[in-house]
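Before any comments, here is the structure.
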Amino acid sequence: MTALFLRDLKLSVRAGGGALIGILFFLTVVAVIPFGVGPDLKLLSRIGPAIVWIGALLSALLGLDRLFQAERDDGSLDLLVMQETPLVLTVLTKCAAHWTATGLPLVIASPLLGLFMNMNETAIGATALTLLVGSPAITFIGAVGAAVAVALPRGGLLVSILVLPLTIPVLIFGVSATYAVVEGPQPFLPPFLILIALTLFFAVLGPAAAALALRNTTD
Amino acid sequence: MSDISPAISRFSDLANPTRFLALSARLIPWLAAISAVLFAIGLYLAFSTEGDYQQGDTVRIMYIHVPAAWLSMMCYTIMSMSAIGTLVWRHPLADVSAKAAAPLGAAFTLVALVTGSLWGKPMWGTYWVWDARLTSVFILFLMYLGLIALNRAMDDPSKAARLTAVLILVGFVNIPIIKFSVDWWNTLHQSESIMRLDGPTIDAQFLWPLFTMALAFTLLFFTLHLMAIRNEIWRRRIAAQRRLAARMAAREE
């Protein structure tokens with residue numbers, strides 16, 4: 001499992017910068033928003049957390065179709081399915097590696113983008129913290145979409161359509177926890193704990209469903 | 001096969017598409033007729049009873065809106081049960097059922113969204129708010145469309161069915177969210193007033209037409225669902241015949 005984790009990590013870092021492209025996309029999405037809504041700094045700092053979250057969500061989706069596609073192409077996916085370790089564990093490991101390679105850089109890059117959005121320190125910290133606990137959930141949900149789409153010749157767009165509706169709860173609670181810190185009379189902890197619960201819940205459900213889907217595509 | 005109980009053997013008898021076709025051919029006229037009668041009664045009741053003292057005539061939208069919303073969730077539940085049937089028992093009709101139900105569910109969800117929006121304008125002063133229940137039903141609509149798209153994106157029907165089934169089951173988490181959204185989040189949409197443990201809080205005058213309409217909608221759904229399943233079975237048979245004919249033609253050359 002450690003070997004698989006390291007292998008996936010190395011592959012995604014070396015193979016044409018999957019992580020880098022994700023961050024670039026993140027940067028571009030966030031940079032486009034001020035052109036759309038106007039350079040009003042007050043407005044930007046108010047909607048900043050939401051924009052950073054949406055940007056992170058979209059760029060997390062960007063690399064998802066790579067999760068199983070390369071293995072499918074060179075045939076090693078069949079080996080992963082047939083080996084003795086439970087497929088659920090394999091998928092979980094691959095998700096963890098994928099998140100470390102593409103999700104974690106987004107979390108690290110988010111404070112910089114928070115500065116662009118004229119957010120104050122607490123808002124930046126809260127956004128980064130909620131992204132840190134919330135973005136694994138996106139990867140786990142996305143794994144289901146990626147596994148379903150391996151069988152499709154061009155599944156990238158379809159993955160986004162299938163996965164986005166399911167990630168909306170994560171987005172809701174991530175943003176509401178951030179807003180609770182920045183403005184709210186509401187406490188920060190309840191939405192934050194729900195966010196953690198969502199991540200844990202999808203950490204169980206996502207790999208199990210993805211493993212089921214993978215097994216069905218290969219036989 | 002003497003050791004299986006009669007109930008199970010009856011259920012697995014239905015796995016034979018020919019028997020299913022014969023049975024559904026007998027069921028559909030009855031279901032359609034009862035549904036039509038119930039619609040007539042329900043619509044008569046809906047238009048003859050008085051309007052609400054507060055909402056006036058717009059309350060009659062409820063008789064379409066609430067049954068459609070119920071059905072949008074019931075249809076997804078039926079699809080989830082079909083998905084389990086596909087994945088666990090490989091029941092040959094389960095995937096046909098799930099595939100046939102998806103467009104119906106999308107249609108009922110759309111009806112619920114549109115009527116709700118038309119009802120919301122005079123009552124809340126806006127066509128749309130991002131309230132918990134509205135948003136979760138909207139997500140349900142998107143999921144129906146995504147599932148239809150996924151099912152149509154693959155050529156092999158059995159593979160498509162199994163992959164769609166996985167996604168249907170994952171998406172089922174949304175159903176309890178819709179059901180309890182009005183209780184968990186205190187928002188604009190009114191809270192549950194019919195399926196309550198302490199009995200319905202809605203006036204009996206509205207409850208009866210609503211109940212009749214809900215039953216009519218449910219039977220309409222089952223009629224359409226059975227017809228869609230029959231269509232799908234015939235479509236697959238025609239596809240199989242075509243393949244056979246093509247193979248024969250290729251052999252003759």
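Residue numbers start from 1 in every chain, and the chains themselves are labelled A, B, ... in the order their sequence lines are given, proteins ahead of strands.
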- [ ] Evaluate the criterion side-chain contact (heavy atoms from CB on, under 4.5 Å) for residue pair A:Leu166 and B:Met143; output intermediate values, then yes/no.
- [x] CA-CA 8 Å; A:Leu166 293 169; B:Met143 276 180 355; 3.8 Å; yes
Task: Reference residue A:Leu162; test side chain to side chain contact (heavy atoms under 4.5 Å, CB included); the match among B:Leu142, B:Leu167, B:Leu145 - done: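 When B:Leu142, B:Leu167, B:Leu145 are each tested with A:Leu162, the side chain to side chain contact (heavy atoms under 4.5 Å, CB included) holds only for B:Leu167.
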Tell me if the [atom1] atom of [X] is crowded by more than 12 foreign heavy atoms within 6.0 Å.
| X | atom1 | value |
| --- | --- | --- |
| B:Arg237 | CZ | yes |
| B:Met227 | CE | no |
| B:Phe172 | CZ | yes |

Open item on the list: With side-chain contact (heavy atoms from CB on, under 4.5 Å) as the criterion, how do A:Leu205 and B:Val173 come out once you've worked through the C-alpha distance, each side chain's angles and the decisive distance to 0.1 Å?
Closed with: CA-CA 10 Å; A:Leu205 185 70; B:Val173 290; 4.2 Å; yes
Open item on the list: Under 4.5 Å from any heavy atom of chain A, what part of B:Leu87 do you find: side chain, backbone, both or neither?
Closed with: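 For B:Leu87, the side chain is the part near chain A, not the backbone.
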Task: Atom of B:Val166, atom of A:Ala209 and distance for their closest heavy-atom approach - done: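 Smallest heavy-atom distance, with atoms named: CG1-O, 3.4 Å.
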